[in-house]
Amino acid sequence: EWNQEKEHFEQEQLEKNEGVEEFKKRVINRDPESVAEYLILTLNLIDNPLEYTPEYEIEYKNENKMVIVDVVLPRIEDIPTIKSVSYIKSREEFKETYYSDAQTKKRYDNVIYQMILQILNTIFAVDTQYNIIDSVVVNGKINTIDKATGKEISPYILSVTIVKDDFNELNLSTIDPKVWFKGAKGVSATSLATVTPVAPIVVMNKEDKRFIEGYEVA
């Protein structure tokens with residue numbers, strides 16, 4: 001019985017490994033659906049410190065080696081506003097201080113632009129192995145409520161594109177994310193907190209079979 005279980009386990013292991021190798025070959029050969037799926041798997045591994053789960057949709061155009069990423073970004077309400085907590089011994093209670101609205105808006109902008117750089121860095125890191133990506137477009141949107149109608153909306157609030165060679169010249173340890181974004185001719189409002197809709201630089205073709213929606217990864 002033990003030998004039978006061992007044989008069954010090894011057969012499943014072999015089939016799974018063969019499936020992984022076949023998937024890897026499709027990625028290397030620039031199969032659009034496989035590349036998009038692999039990039040979503042990779043982006044879902046990013047350790048996000050906020051209480052928010054990003055959602056990705058990806059299209060890969062193998063004719064020009066371009067990746068288009070639509071990402072749902074956090075809202076300003078997802079950014080922590082507590083600045084410090086101190087204990088008042090005489091009253092045996094905790095006192096919290098908070099960032100001002102102006103400080104919160106500035107921190108929100110900085111967090112979002114850092115996230116865009118992190119997405120780009122993760123995608124181009126994949127390309128060091130396979131050389132299948134020449135440029136990336138990131139379109140960021142948020143799920144919010146239209147205060148004029150009370151209805152749910154998902155406007156794009158930023159869009160940026162960059163080629164691999166230009167990105168590899170960046171020093172991410174000292175870069176100012178917002179200054180970089182403007183220098184890269186990214187499109188956004190002066191303050192992202194205003195939720196000003198913008199037009200994506202490149203629009204994803206969701207009718208294309210190469211378009212891959214994000215999904216939960218166990």
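Throughout, residue positions are numbered sequentially from 1 according to the sequence presented.
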Any side-chain heavy atom of Tyr113 within less than 4.5 Å of one from Tyr108?
-> no
Ile119 side, atom CD1; Gln114 side, atom CD - distance, nearest 0.5 Å | 12.0 Å
Is it true that Asp146 and Lys151 have a side-chain N and a carboxylate O under 4.0 angstrom from each other?
-> no
Between Thr81 and Thr104, a side-chain donor and acceptor under 3.5 Å = no
Is it the case that Ser188 and Lys182 place a side-chain donor and acceptor less than 3.5 Å from each other?
-> yes
Between the side chains of Tyr156 and Asp70, does any donor sit under 3.5 Å from an acceptor?
-> yes
Tell me the salt bridge (charged side-chain N to carboxylate O under 4.0 Å, His left out) pairs involving residues 121-131, sequence neighbours left out?
-> Asp127-Lys164
Quick one: side chain to side chain contact (heavy atoms under 4.5 Å, CB included) partners of Lys106, sequence neighbours excluded?
-> none
How many angstroms lie between atom CZ of Arg30 and atom CD1 of Ile133, to the nearest 0.5 angstrom?
-> 10.5 Å
N/O donor-acceptor pairs under 3.5 Å from side chains in residues 85-92, not counting sequence neighbours:
residue: Arg91; atom: NE; partner: Glu93; partner atom: OE2; Å: 2.7
residue: Arg91; atom: NH2; partner: Glu93; partner atom: OE2; Å: 3.2

Residues forming a side chain to side chain donor-acceptor pair (under 3.5 Å) with Thr42, sequence neighbours excluded = none
Given a cutoff of under 4.5 Å between side-chain heavy atoms of I, L, V, M, F, W and Y, with clusters grown through shared members, what are the other residues clustered with Val20?
-> none
Return yes when atom NZ of Lys105 has more than 12 non-hydrogen atoms of other residues, nucleotides or ligands closer than 6.0 Å, and no otherwise.
-> no
Between Ser34 and Glu37, a side-chain donor and acceptor under 3.5 Å | no
Ignoring hydrogens and angles, write down the donor-acceptor pairs under 3.5 Å from the side chains of residues 3-10, residues two or more places apart or on other chains.
residue: Lys6; atom: NZ; partner: Glu10; partner atom: OE2; Å: 2.9
residue: His8; atom: NE2; partner: Glu12; partner atom: OE2; Å: 3.2

